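Every value quoted in this text rests on a predicted model; they were computed, and no experiment measured them.
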Amino acid sequence: MKRGKNEKSKLNSSQEDGVQTNQYSSISPPASLVAQDEPFSTYFEDKVAIPENVSQVFSFRKLWAFTGPGFLMSIAYLDPGNIESDLQSGATASFKLLWVLLGATVIGLLLQRLAARLGVVTGMHLAEVCNRQYPTVPRIILWLMVELAIIGSDIQEVIGCAIAFNLLSVGRIPLWAGVLITITDTFVFLFLDKYGLRKLEAFFGFLITVMALSFGYEYVLVSPDQGELLKGMFLPYCAGCGLPQLEQAVGIVGAVIMPHNIYLHSALVKSRDIDRKNKKEVKEANKYYFIESAVALFVSFLINVFVVAVFAQAFYGKTNIEMNQECNATGSPHSDLFPLNNGTLEVDIYKGGVVLGCVFGPAALYIWAIGILAAGQSSTMTGTYSGQFVMEGFLNLRWSRFARVLLTRSLAILPTLLVAIFQDVQHLTGMNDFLNVLQSILLPFALIPILTFTSLTSIMNDFANGMVWKISGGIVILLVCAINMYFVVVYVTALNSVLLYVFAALLSIAYLCFVGYLAWHCLVALGVSCLDFGSRVSNRPAVLIEEQSEYDS
């Protein structure tokens with residue numbers, strides 16, 4: 001009995017170097033002793049050492065040591081789905097929606113900050129914390145929703161690579177073959193971390209550089225109006241805009257903030273060697289990770305601006321017949337993509353490359369395709385990492401590393417291959433819109449848990465969200481979810497099918513019930529004590545009976 005009380009006391013709370021620890025902290029006994037037997041062998045198998053004896057308030061040496069996870073995270077802001085949203089924004093609304101892109105990126109930075117802090121402070125990523133905090137049934141549902149988000153995102157990314165291969169080969173490589181090539185080279189690149197974590201991060205840095213150079217070349221080639229660009233970026237107004245522009249603005253937010261990226265970033269920050277018993281080191285890690293994330297998202301924002309500006313300057317207001325004539329004049333074999341009517345030009349990733357080639361020559365088309373290939377390849381790799389972390393965290397898998405990579409890739413690749421076989425490369429825009437809607441629907445399953453757990457002192461100790469962050473975080477999440485749900489409603493109402501309306505209504509009831517369940521836990525974590533009846537996320541320190549029993553045994 002005495003031993004049980006002592007162990008319980010150790011589990012509940014202890015004080016080490018100024019950091020209060022508990023059963024959810026990385027420095028307390030694990031929920032299961034079995035979990036100690038075999039460590040995961042993923043991205044953070046070898047941790048990067050942080051320079052010591054650096055007394056400055058800010059050190060570039062330390063910033064460099066922490067640089068890497070934020071740039072891998074920023075890949076999600078540059079995937080083919082985002083690029084397509086950018087070019088459609090420019091072609092539909094000119095420069096007028098750049099302020100929406102800026103606002104979405106800033107909101108994304110704030111959410112990524114929460115994800116990074118969770119990983120740094122607890123030593124666990126979001127999926128692992130969800131596994132500990134939610135009961136079995138909600139946990140499985142949440143896992144399935146996140147997996148669905150990863151699969152939807154991966155379809156966009158792999159299809160983007162396949163389109164790039166099709167453009168680079170002048171149509172000789174069909175879509176399905178491009179998907180198979182992407183599967184193969186993704187497996188090869190994923191094992192680069194066997195040669196060192198920093199080499200893998202350098203490879204991702206190379207891919208981001210390729211994107212910056214490719215889309216930057218198009219930007220210089222088109223020479224957009226800088227005054228209009230700055231006006232569109234900092235003046236939150238859209239003169240003369242209608243429903244298409246409003247829908248595009250909502251689509252920008254949905255494309256920029258990705259559910260699986262929150263889970264990914266909370267895991268990537270575990271790759272640095274941080275003493276979580278030392279409050280000063282934890283605080284310092286949070287600071288440098290935030291700076292690195294801000295720099296990485298600034299770079300991704302610039303690349304997105306390049307794409308928006310190119311299509312805003314060169315193709316805003318153009319008609320199909322005008323583009324058909326330009327393609328015919330340059331001898332392009334793709335002029336049949338643009339019907340002979342006065343309808344407004346509609347572009348996607350594939351047509352975007354074609355119109356650049358028609359107007360600015362073949363070099364513009366090939367450079368565009370290289371940029372899309374870099375975007376798609378890098379995002380498929382980070383998507384696979386997301387799948388590994390999510391599956392490991394939610395299911396506590398103890399498989400070999402290769403088996404986990406194979407399973408997570410298969411879950412995402414099989415639907416993508418089916419899409420590639422049965423869809424024409426010229427008619428993928430509708431599917432991309434559907435996948436953006438899917439991401440919008442699934443967004444609360446990342447945003448609500450991350451706000452919940454970073455607000456709990458029983459998990460975050462002294463680094464829990466303060467009142468300002470709780471309120472602002474709640475408002476941001478409500479705003480983002482409301483915007484994205486509007487996007488969903490617009491998409492569903494355009495289906496014009498009673499059967500689909502009924503099906504959507506039934507799904508909506510189940511969806512809202514589960515979101516309500518997560519929101520209840522979140523409100524308890526935010527301090528609404530009147531709702532704290534039977535919640536497992538109370539701020540009151542407590543040890544779950546089943547975890548305590550397993551530890552005592």
Side-chain angles (χ1 to χ4, degrees), residues 74 77-106 167 208-242 244-246 248-249 251-253 255-256 297-320 322-323 325-327 329-330 338 344-372 374-375:
S74 71
Y77 291 75
L78 295 168
D79 70 352
N82 274 288
I83 301 300
E84 183 157 335
S85 176
D86 292 337
L87 63 89
Q88 289 174 347
S89 170
T92 304
S94 188
F95 301 99
K96 299 173 184 176
L97 296 179
L98 278 174
W99 63 273
V100 178
L101 177 62
L102 176 61
T105 305
V106 172
L167 288 172
I208 293 175
T209 303
V210 170
M211 283 184 266
L213 293 175
S214 299
F215 299 132
Y217 168 84
E218 310 284 0
Y219 180 86
V220 172
L221 187 68
V222 173
S223 299
D225 187 323
Q226 301 301 309
E228 288 297 313
L229 186 149
L230 292 174
K231 180 181 175 182
M233 190 179 299
F234 296 108
L235 185 63
Y237 182 67
C238 190
C241 292
Q245 288 76 24
L246 178 60
Q248 191 59 51
I252 290 172
V253 178
V256 167
L297 290 188
F298 176 72
V299 172
S300 70
F301 173 71
L302 287 182
I303 295 174
N304 283 313
V305 168
F306 289 161
V307 178
V308 174
V310 166
F311 285 85
Q313 183 70 31
F315 307 112
Y316 173 65
K318 284 204 171 185
T319 62
N320 288 319
E322 288 175 333
M323 189 52 60
Q325 291 169 352
E326 289 201 43
C327 288
T330 57
F338 312 102
T344 303
L345 177 66
E346 294 183 359
V347 287
D348 51 32
I349 289 178
Y350 182 76
K351 288 183 180 178
V354 170
V355 298
L356 285 170
C358 289
V359 177
F360 300 106
L365 185 153
Y366 293 128
I367 292 173
W368 169 261
I370 290 171
I372 295 298

What closest approach, in Å, do [X] and [Y] show between heavy atoms, and which atom pair accounts for it?
{"X": "Thr92", "Y": "Tyr316", "answer": "O-CE1, 3.3 Å"}
{"X": "Ser214", "Y": "Ile370", "answer": "OG-CG2, 3.9 Å"}
{"X": "Leu167", "Y": "Gly353", "answer": "CD1-CA, 4.5 Å"}
{"X": "Leu78", "Y": "Ile83", "answer": "O-CG1, 3.8 Å"}

Between [X] and [Y], is there a donor-acceptor pair closer than 3.5 Å when you use the side chain of the first and the backbone of the second?
{"X": "Asn82", "Y": "Ala255", "result": "yes"}
{"X": "Gln245", "Y": "Gly242", "result": "yes"}
{"X": "Trp368", "Y": "Ile349", "result": "yes"}

[X]: what forms a side-chain contact (heavy atoms from CB on, under 4.5 Å) with it, not counting sequence neighbours?
{"X": "Ala364", "value": "Glu218, Leu221, Leu356, Phe360"}
{"X": "Thr344", "value": "none"}
{"X": "Glu322", "value": "Lys318, Thr319"}
{"X": "Leu97", "value": "Ser89, Ala93, Val100, Cys238, Gln248, Ala249, Ile252"}

### Query
Could you give all pairs that pass the side-chain hydrogen bond (donor to acceptor under 3.5 Å, both in side chains) test and reach residues 94-105, with sequence neighbours left out?
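Listed by first then second residue: nothing to list.
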#### Entry: Residue pairs, two or more places apart or on separate chains, that pass side-chain hydrogen bond (donor to acceptor under 3.5 Å, both in side chains) and touch residues 223-237
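Listed once each, the pairs are Tyr219-Gln226.
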With a 4.5 Å heavy-atom cut-off, do [X] and [Y] have their side chains touching?
{"X": "Ile303", "Y": "Asp86", "result": "no"}
{"X": "Val359", "Y": "Met323", "result": "yes"}
{"X": "Val256", "Y": "Tyr77", "result": "yes"}
{"X": "Leu102", "Y": "Phe234", "result": "yes"}
{"X": "Val299", "Y": "Ser74", "result": "no"}

### Gap separating the CE atom of Met233 from the CZ atom of Phe301, nearest 0.5 angstrom
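So the gap between those two atoms works out to 4.0 Å.
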### Task
Enter the distance from Leu345:CG to Phe311:CZ here, rounded to the nearest 0.5 Å.
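Reported to 0.5 Å precision, the distance equals 9.0 Å.
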